[in-house]
Amino acid sequence: MKIIRIGLITLFTLTVALFVVTILLELFQRDDTIPEILCDSPKIVMKIDDTEEKLLEGIRAVDEKDGDITNKIIVEYISNFIEPGVARVTYAVADEDNHVAKYTRNVVYEDYVSPRFTLKSDLVFQAGTTVNIINFLGATDVIDGDISNKVRITSSDLVTTSEGVYHIAAKISNSRGDTSTLELPVYVTARDPMLPVVELNEYLVYLPKGGTFHSERYLKSVTAAGAQKPMENPEVQIDSPINMMRAGVYQVTYRATDENGREGHAILTVVVEE
């Protein structure tokens, strides 16, 4: 009986000792350090089409226990734009003990431009016509491509039963939260199917402030009413109020007169950007 008691005491002592040793080993081996993400610059400049690899340039991660863990860095999140073309990118890295570190810096897209509107034709309509402006107004974006389905008319005083000049306002936003707005005149004219038809290559263009505007480049053709082919060397008067040194929205009018003195016209909208 005494031998059994001694054996139990010895076994208990060994168990306690083993437990203590295990705890001590865990204490010595436990990693309480947090990895650190280091960055060469508080921002990175890139292009819209650059891959995620570009976002990882100039950034590295180290851990006191695991050493260099740069290859474990991931792009956790890219915010909406905090200003056009500038977002916040958040990186994360985890060491072998699942300790996580994060780092945030700005990403600047140097070739970014805000969403732009497009026009399928000028906004000139005959009185009495049923008009849905959305059918003529579209939009494109360097990130999302064609976003015409997101165009919204925010205000309009258009009345197509009476001749006159009316106005609409439109808004478009892309997936990164950048919004563009545009106000345009809408012209309602008397019915006259015999006017010559003036066609342009484009009906809405964006040009940089201080640049040049060549109005003749946008004239496509002039066709007399009922004719099958455009006129050769038509005489076209171009009324251009554009000031390329001042940002704004301008309307350029192209007027053509047929041999019977009937005048047709088309309107080009030019947005001069800062």
Test log, rule side chain to side chain contact (heavy atoms under 4.5 Å, CB included), inputs Y109 and K47: CA-CA 5 Å; Y109 297 94; K47 297 183 182 298; over 6 Å; no
Side chain to side chain contact (heavy atoms under 4.5 Å, CB included), that's the test. Do L55 and I78 meet it? Break it down for me. CA-CA 10 Å; L55 281 171; I78 302 177; 3.6 Å; yes
The test is side chain to side chain contact (heavy atoms under 4.5 Å, CB included); show your working for L204 and L182 and say whether it passes. CA-CA 11 Å; L204 173 59; L182 184 65; 4.1 Å; yes
Begin from the C-alpha positions of T189 and V124 and carry the test side chain to side chain contact (heavy atoms under 4.5 Å, CB included) through to its verdict. CA-CA 7 Å; T189 62; V124 180; 4.1 Å; yes
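Put simply, the side chain of L137 reaches to within 4.5 Å of the side chain of L119, judged on heavy atoms. Looking at V272 and M244, their side chains come closer than 4.5 Å, going by heavy atoms from C-beta outward. Side chains of N106 and R88 form a contact here, defined as non-hydrogen atoms less than 4.5 Å apart. Two residues are said to be in side-chain contact when any heavy atoms from C-beta on lie closer than 4.5 Å; E259 and M231 fail this criterion. Residues E273 and R116 are in side-chain contact: their nearest non-hydrogen atoms beyond the backbone lie under 4.5 Å apart. Side-chain contact check for Q251 versus Y187: some heavy-atom pair is nearer than 4.5 Å. A 4.5 Å side-chain heavy-atom check between F213 and V252 finds at least one atom pair inside the cut-off. The side-chain heavy atoms of D122 and L200, taken from C-beta on, include no pair separated by under 4.5 Å.
In this structure, N174 contributes its side chain and S114 its backbone to no donor-acceptor pair below 3.5 Å. Of the possible donor and acceptor atoms, none in the side chain of T181 sits under 3.5 Å from a partner among the backbone N and O of A170.
Connection of F136 to V249 is established within a shared hydrophobic cluster, with ILVMFWY side chains joined at heavy-atom distances below 4.5 Å, either directly or through further cluster members. V113 and V45 end up in different hydrophobic clusters when Ile, Leu, Val, Met, Phe, Trp and Tyr side chains are linked at under 4.5 Å. L268 and V197 are assigned to two separate hydrophobic clusters, defined by single-linkage of ILVMFWY side chains at heavy-atom distances under 4.5 Å. Residues L195 and F125 fall into different hydrophobic clusters, defined by Ile, Leu, Val, Met, Phe, Trp and Tyr side chains chained together at heavy-atom separations under 4.5 Å. Hydrophobic clustering (ILVMFWY, side-chain heavy atoms < 4.5 Å, transitive): V62 and I59 are in distinct clusters.
With rounding to the nearest 0.5 Å, the separation of CD in Q237 from CZ in R255 is 6.5 Å. Between the NE2 atom in H214 and the OG atom in S240 there is a gap of 11.5 Å [rounded to 0.5 Å]. Put simply, CD1 on I37 and OG1 on T90 are 9.5 Å apart, with the number rounded to the nearest 0.5 Å. Atom NZ of residue K171 and atom CZ of residue F117 lie 10.0 Å apart, to the nearest 0.5 angstrom. D178 CG to N80 CG: the interatomic distance, rounded to the nearest 0.5 Å, is 10.0 Å. Remark: I267 CD1 to T253 OG1 distance equals 4.5 Å, nearest 0.5 Å.
Between R60 and D40 a salt bridge is recorded (basic side-chain N to carboxylate O distance below 4.0 Å).
Aromatic ring pairs are classed by plane angle as parallel below 30°, tilted from 30° to 60° and perpendicular above 60°; the pair Y103 and Y91 is tilted.
Test D66, D97, D63 against T33 for side-chain contact (heavy atoms from CB on, under 4.5 Å) and you get one pass: D63.
Within a 6.0 Å radius of CD in E263, more than 12 heavy atoms belonging to other residues, nucleotides or ligands are found. The number of heavy-atom neighbours closer than 6.0 Å to CZ of R262, taken from other residues, nucleotides and ligands shown, is above 12. The 12-atom threshold is not exceeded at CD of E53, counting heavy atoms of other residues, nucleotides or ligands nearer than 6.0 Å.
Aromatic rings of Y112 and F81 (six-membered ring for Trp) have centroids within the 6.0 Å cut-off, being under it.
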